[in-house]
Amino acid sequence: MNNIVVVGAGPAGMMAAIKAAENGAKVTVLEKMKQPGKKMLITGKGRCNLTNTAEIPELIKNIPGNGKFLNSCIHAFDNEDVQYFFNGIDVPTKVERGGRVFPVSDKAADPVNAMVLRIHELGIRLLTGVRVSEIIIEDGVAAGVKTEDKTVFPAEAVIVATGGSSYPGTGSTGDGYRMAENIGHTVINQLPSLIPLELEEEWVQDLQGLSLRNVQITLMADEKKVAEKFGEMLFTHFGVSGPIILSLSREAAQLLDAGSFVELMLDLKPALSFEQLDARIVRDFEKYQRKEIKNAMKDLLPGRLIAPVLDAAYLAADRMVNSVTREERHRLVTALKGLLMTVTGTRPIAEAIVTAGGVSVKEINPKTMESKLIKNLFFAGEVVDVDAFTGGYNLQAAFSMGAAAGNWCVWNE
């Protein structure tokens, strides 16, 4: 019987342990936190977005951080397999907007507890409060792990599923990166992903709590367009957040790390062309021709947005509408279609939903998740240089990698 040690009891680690045990292995899971699955408990705003019903090519498209690397393991354990797995351990699932899959109960604790129960049913030894400090290598083969208190756990295969560097309170403190580097693996620089962005403009603070729907954000680097997203965003005391901001944050973090001048260009009326918006403003100005321009904008924008837009158009808020020239009106349209905001940074990586970077995928077999450098050493989950957008894609990636590692560590000869 294969003796397997899994380091980390997050979604990837628990899935790896379950699959290895189902294949007849004797499995020990070592988790440094007192409770397994702590980060899984906060996913999906506490509801646990388990996966997404998108077709596999679309799943991979929504994993911008080395999604193609996961092609084999996602095909081997896809989104239908994830739903079947959880339904099979008494966690019924439901599909919501955008193909997001949640437990019917809307409680993240349910899938976590069900995985822990399955671990116990399979006779897996789950030890919490145990921090692994070293992977033991003998003659180029993984032979076990050593803990902080010098306890040795021998193994015929080791699966590292320690998570990333985000939300350290859940146990993701980069331990796996350090252990991987110590045995010769390349670890790609970690950057925050799915994280709010900090802005330079002081007026942003006055908009704190303002949510905008159906807007378009374009990410700019050195005045060149890099990417754009349509949807919902939120102003905060430090900058911006919300779904479209989080989706662009990975690229923004990379650009900032490379020293680029990074801006966001906000189109407040993406459904209207320049000409259509100009015509709309003409109608509003005719309607409010005896009023100040700040009052003539109230049908077009939320009140708190009027001042920054007028400032961007170099128009005084107390100008009378009937004095605005055609050229000035066109400046206003330009500001509405392209309000610029300067990105000074991201929030700290500890606040990121996921970590971009990790153990290089070039050094991992994409089918088995086994190290190409060290036999019988496997990696799974966020410790690998893989990251995805929100919507269930990150957990799908974790489950697929965990299943591959758990299966192949037993089948591997």
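Model, not experiment: these values are computed from the prediction. Along the sequence shown, residues carry numbers from 1.
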With distance as the sole test, does [X] use its side chain to make a donor-acceptor pair with the main-chain N or O of [Y] at under 3.5 Å?
X    : Y    : result
N71  : G67  : no
N376 : V141 : no
D387 : A356 : no
N113 : A109 : yes
N79  : Q396 : no
E156 : N3   : yes
N365 : E370 : no
T162 : G176 : yes
T43  : M40  : yes
D267 : K269 : yes

Query raised in the report: On the ring face of F285, is R329 found with NZ or CZ under 6.0 Å from the centre and within 45° of the axis?
Result: no
Can you find a heavy atom in the side chain of [X] that is under 4.5 Å from one in the side chain of [Y]?
X    : Y    : value
D78  : D81  : yes
F235 : L212 : yes
S249 : L197 : yes
V130 : K32  : no
I349 : I195 : no
M115 : I89  : yes
V215 : L266 : yes
D284 : K298 : no

[atom1]/[X] to [atom2]/[Y] distance, rounded to the nearest 0.5 angstrom?
X    : Y    : atom1 : atom2 : answer
S273 : K337 : OG    : NZ    : 7.0 Å
L219 : I244 : CG    : CD1   : 11.5 Å
D385 : Q190 : CG    : CD    : 9.0 Å
L373 : E363 : CG    : CD    : 4.5 Å
L199 : L340 : CG    : CG    : 11.5 Å
L234 : S241 : CG    : OG    : 6.0 Å

List the atom of [X], the atom of [Y], and the distance in Å for their closest heavy-atom pair.
X    : Y    : value
A388 : P64  : CA-CD, 3.7 Å
P243 : E232 : CD-O, 3.2 Å
A405 : A380 : CB-CB, 4.4 Å
I306 : L301 : CG1-CB, 4.1 Å
V354 : K39  : CA-NZ, 4.2 Å
A313 : R331 : O-NE, 2.8 Å

Please check if any side-chain donor atom of [X] sits under 3.5 Å from a side-chain acceptor atom of [Y], or the reverse.
X    : Y    : value
S133 : E148 : no
Q83  : T51  : no
T128 : Q35  : no

Query raised in the report: What residue among L248, I245, T390 forms side chain to side chain contact (heavy atoms under 4.5 Å, CB included) with L194?
Result: T390
Report task. Pick out which of L300, L336, L268, L310 makes a side chain to side chain contact (heavy atoms under 4.5 Å, CB included) with L305. Result -> L268
Query - Ring centers of H185, Y177 separated by less than 6.0 Å - result: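 When the ring centroids of H185 and Y177 are compared, they turn out to be at least 6.0 Å apart.
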How about [X]: does its [atom1] atom have over 12 heavy atoms from other parts shown lying under 6.0 Å from it?
X    : atom1 : result
K372 : NZ    : yes
Y84  : OH    : no
E121 : CD    : yes

Report task. Evaluate the criterion side chain to side chain donor-acceptor pair (under 3.5 Å) for residue pair N407 and N23; output intermediate values, then yes/no. Result -> CA-CA 7 Å; N407 286 324; N23 281 290; 2.8 Å; yes
Query - CA sep, side-chain torsions, deciding dist, call: H237, Q205, side chain to side chain donor-acceptor pair (under 3.5 Å) - result: CA-CA 5 Å; H237 68 283; Q205 297 179 23; over 6 Å; no
Report task. Begin from the C-alpha positions of T28 and L126 and carry the test side chain to side chain contact (heavy atoms under 4.5 Å, CB included) through to its verdict. Result -> CA-CA 6 Å; T28 299; L126 173 60; over 6 Å; no
Query raised in the report: Can you check side chain to side chain contact (heavy atoms under 4.5 Å, CB included) on S360 and V187, steps first, answer last?
Result: CA-CA 6 Å; S360 173; V187 175; over 6 Å; no
Do the side chains of [X] and [Y] get close enough for a salt bridge, i.e. N-O under 4.0 angstrom?
X    : Y    : result
R178 : D175 : yes
E22  : R118 : yes
K38  : E31  : no

Query raised in the report: What do the steps show when you test T236 against Q208 for side chain to side chain donor-acceptor pair (under 3.5 Å), and what is the final call?
Result: CA-CA 4 Å; T236 70; Q208 180 179 352; over 6 Å; no
Requested in this report: Could you check R125 against V29 for side chain to side chain contact (heavy atoms under 4.5 Å, CB included), going step by step and ending with a plain yes or no?
Outcome: CA-CA 6 Å; R125 184 166 58 152; V29 180; over 6 Å; no
Requested in this report: Determine, step by step, whether I135 and V160 satisfy the side chain to side chain contact (heavy atoms under 4.5 Å, CB included) criterion, reporting the C-alpha distance in whole Å, the side-chain angles of both residues, the deciding distance to 0.1 Å, and the verdict.
Outcome: CA-CA 9 Å; I135 301 167; V160 178; 3.6 Å; yes
List the atom pairs, with distances to 0.1 Å, where a side-chain N or O of residues 95-104 and a protein N or O form a donor-acceptor pair under 3.5 Å, not counting sequence neighbours.
from: E96; atom 1: OE1; to: R47; atom 2: NH2; distance (Å): 3.0
from: E96; atom 1: OE2; to: R47; atom 2: NH2; distance (Å): 2.5
from: E96; atom 1: OE2; to: K94; atom 2: NZ; distance (Å): 3.3
from: R100; atom 1: NH1; to: R97; atom 2: O; distance (Å): 3.2

Report task. In sequence, state the C-alpha distance, the side-chain angles, and the governing distance for D110 and S105, and then conclude on side chain to side chain donor-acceptor pair (under 3.5 Å). Result -> CA-CA 8 Å; D110 287 350; S105 67; 2.5 Å; yes
Query raised in the report: Considering the options F86, Y393, F85, which one meets the ring pair (Phe, Tyr, Trp, His ring centres under 6.0 Å) requirement together with F399?
Result: F86
